[in-house]
Chemist: 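Can you read through this structure? Questions will come right after.
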Amino acid sequence: MADLAQASAWCAQRGEKFTPTRRAVFEILAEQDQALTAYQLLERLQQAMPHAKPPTIYRALEFLQRMGLIHRIDSRNAFVVCDDFPHHHDSAFLVCQECGGVTEVTMDHVVEKIAADAAAQDFSVKHATVEIRGVCKQCQN
Ligand SMILES: [Zn+2]
Ligand SMILES: [Zn+2]
């Protein structure tokens, strides 16, 4: 996972600004094991920035995704900090259905297989996110 200094340097290298809002959203997510929805993020951001509005969050999330600093968990419509930053592989996530915990795992061969199967159907894959739902170690106890 990238820390704040790494994230800031990463953005600067790309000629992008790691603004206070982007930084605040990244920090909130970095403190979590669970994926947070945009609404949950807004509530927390408003504790520090009372004037933050939904577009503030959506713009920050779009930016952080584009920078590869966070990922979207489609099935929960929620976001997590990248655990394996920086990487260029597509991501796979283990999503606990009890506690909502999300663990990022590297499954390049799985995503490659999906792309190969799709190519056999003349389908060009642009992005694949694999989400595996189950129960995490803590919740099994
Ligand atoms: Zn990642
Ligand atoms: Zn769990």
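What you see is a predicted model, and the numbers here were worked out from it, not measured in a lab. Computed from heavy atoms alone, side chains included, the values below leave out hydrogens, waters and symmetry copies. Note that ligands are numbered from 1 as they come in the structure, with each ligand's atoms numbered from 1 the same way.
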Chemist: Can you confirm whether the side chains of H71 and Q65 place a donor and an acceptor under 3.5 Å from each other?
Modeler: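 H71 vs Q65: no donor-acceptor pair found between side chains.
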
Chemist: To the nearest 10 degrees, could you say what angle the Zn ion (ligand 1) makes with OE2 of E104 and NE2 of H71?
Modeler: 100°

Chemist: Could you walk me through whether V80 and L29 pass the side-chain contact (heavy atoms from CB on, under 4.5 Å) check?
Modeler: CA-CA 6 Å; V80 289; L29 280 175; 5.8 Å; no

Chemist: Any chance you could measure F79, atom CZ, to L36, atom CG, to the nearest 0.5 Å?
Modeler: 10.0 Å

Chemist: Tell me, which protein N/O/S atoms are under 2.8 Å away from the Zn ion (ligand 2)?
Modeler: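 The answer is C96 SG, C99 SG, C136 SG, C139 SG.
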
Chemist: Measure from the Zn ion (ligand 1) to each N, O or S atom of D83 and report whether any distance is below 2.8 Å.
Modeler: no

Chemist: Charged N to carboxylate O below 4.0 Å: is that the case for R66 and E62?
Modeler: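 Salt bridge present between R66 and E62.
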
Chemist: Using the rule given for side-chain contact (heavy atoms from CB on, under 4.5 Å), can you reason through Y39 versus N77, listing the C-alpha separation, both sets of side-chain angles and the distance that settles it, and then say yes or no?
Modeler: CA-CA 10 Å; Y39 183 75; N77 195 12; over 6 Å; no

Chemist: Return a table of donor-acceptor pairs under 3.5 angstrom between the side chains of residues 40-56 and protein atoms on other chains or two or more places apart.
Modeler:
from: Q40; atom 1: OE1; to: T37; atom 2: N; distance (Å): 2.9
from: Q40; atom 1: OE1; to: T37; atom 2: OG1; distance (Å): 3.4
from: Q46; atom 1: NE2; to: A52; atom 2: O; distance (Å): 2.9
from: T56; atom 1: OG1; to: K53; atom 2: N; distance (Å): 3.0
from: T56; atom 1: OG1; to: K53; atom 2: O; distance (Å): 3.0

Chemist: Under the side-chain contact (heavy atoms from CB on, under 4.5 Å) criterion, do E16 and W10 qualify, and how do the steps go?
Modeler: CA-CA 9 Å; E16 302 275 3; W10 177 256; over 6 Å; no

